[in-house]
Amino acid sequence: MSISVEMLGKAQVKKNNQLVSFPYRRAEGLFYYLVAKETISRDEAIGIFWTDCSEDIGRKNLRDALYHIKKLLGKNIILIGGKNTISINSSTISYVDYKNLFSENILKCSYGIFLNFFGSSRKFVD
């Protein structure tokens with residue numbers, strides 16, 4: 001199985017060269033955030049994607065989003081560490097576009113803004 005992730009310009013995921021369609025934007029945004037950060041806490045995910053919900057509803061929504069990501073991309077795509085840590089299983093992803101940017105070619109690339117489609121008042125990178 002081959003999973004490729006593009007986050008520069010129009011974000012998209014392909015599984016075996018077929019475009020993946022997430023059921024809703026927050027699940028998709030969570031996936032991209034995990035790819036970028038590699039490991040996050042549940043509280044961090046809820047604080048970014050479900051700030052408008054109570055903690056209980058946010059936790060339920062997070063579980064639902066993780067379920068949909070696993071259903072689309074395989075159960076091994078997400079690693080759960082204890083009760084608080086969520087990680088992306090990097091070994092299941094064959095290509096991530098921004099990881100191929102080097103100082104030699106960065107000015108030649110015209111991708112657009114990182115994760116622009118999910119624009120909110122919060123930034124996705126430190």
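All figures in this text were calculated on a predicted structure; none of them were measured in a lab.
To the nearest 0.5 angstrom, Lys75 atom NZ is 12.5 Å from Asn89 atom CG. With values rounded to the nearest 0.5 angstrom, Leu62 atom CG is found 5.5 Å from Ile46 atom CD1. Going from atom CD1 of Ile77 over to atom CG of Leu72 covers 10.5 Å, rounded to the nearest 0.5 Å. The CH2 atom of Trp50 sits 10.0 Å away from the NZ atom of Lys60 when rounded to the nearest 0.5 Å. Here Thr92 contributes atom OG1 and Leu73 contributes atom CG; the two are 8.0 Å apart, rounded to the nearest 0.5 Å. Taking OG of Ser90 as the start and CD1 of Ile3 as the end, the distance is 11.5 Å to the nearest 0.5 Å.
Across every non-hydrogen atom of Cys53 and Gly58, the tightest pair is CB-N, 3.9 Å. The shortest heavy-atom contact between Glu28 and Ala11 is OE2-O, 4.2 Å.
Residue Ile80 is grouped with residue Ile88 when hydrophobic side chains (ILVMFWY) are merged at heavy-atom distances under 4.5 angstrom, including chains of intermediate members. A continuous path of hydrophobic side-chain contacts links Leu30 to Val20 [ILVMFWY only; heavy atoms under 4.5 Å]. Using a 4.5 Å cut-off between side-chain heavy atoms of Ile, Leu, Val, Met, Phe, Trp and Tyr, with links allowed through other members, Leu79 and Ile69 fall into different hydrophobic clusters.
By the salt bridge (Lys or Arg N to Asp or Glu O under 4.0 Å) test, Asp43 pairs with Arg59, sequence neighbours left out. Not counting sequence neighbours, Arg63 has no partner by the salt bridge (Lys or Arg N to Asp or Glu O under 4.0 Å) test.
Within the 3.5 Å criterion, the main-chain N or O of Lys83 finds a donor-acceptor partner in the side chain of Arg42. The main-chain N or O of Glu6 is never found under 3.5 Å from a side-chain atom of Tyr32 such that the two would form a donor-acceptor pair. Counting only distance, with no hydrogens or angles, the side chain of Ser2 and the backbone of Asn16 share no donor-acceptor pair below 3.5 Å.
Judged as a ring-ring contact (aromatic ring centres under 6.0 Å, His included), not a single pair has a partner in residues 70-89 (not counting sequence neighbours).
In this structure, Tyr33 and Phe49 have perpendicular ring planes: the angle between them is above 60°, well past the 30° mark.
With hydrogens and angles left out, the side-chain atoms of Asp64 and Tyr24 include a donor and acceptor closer than 3.5 Å.
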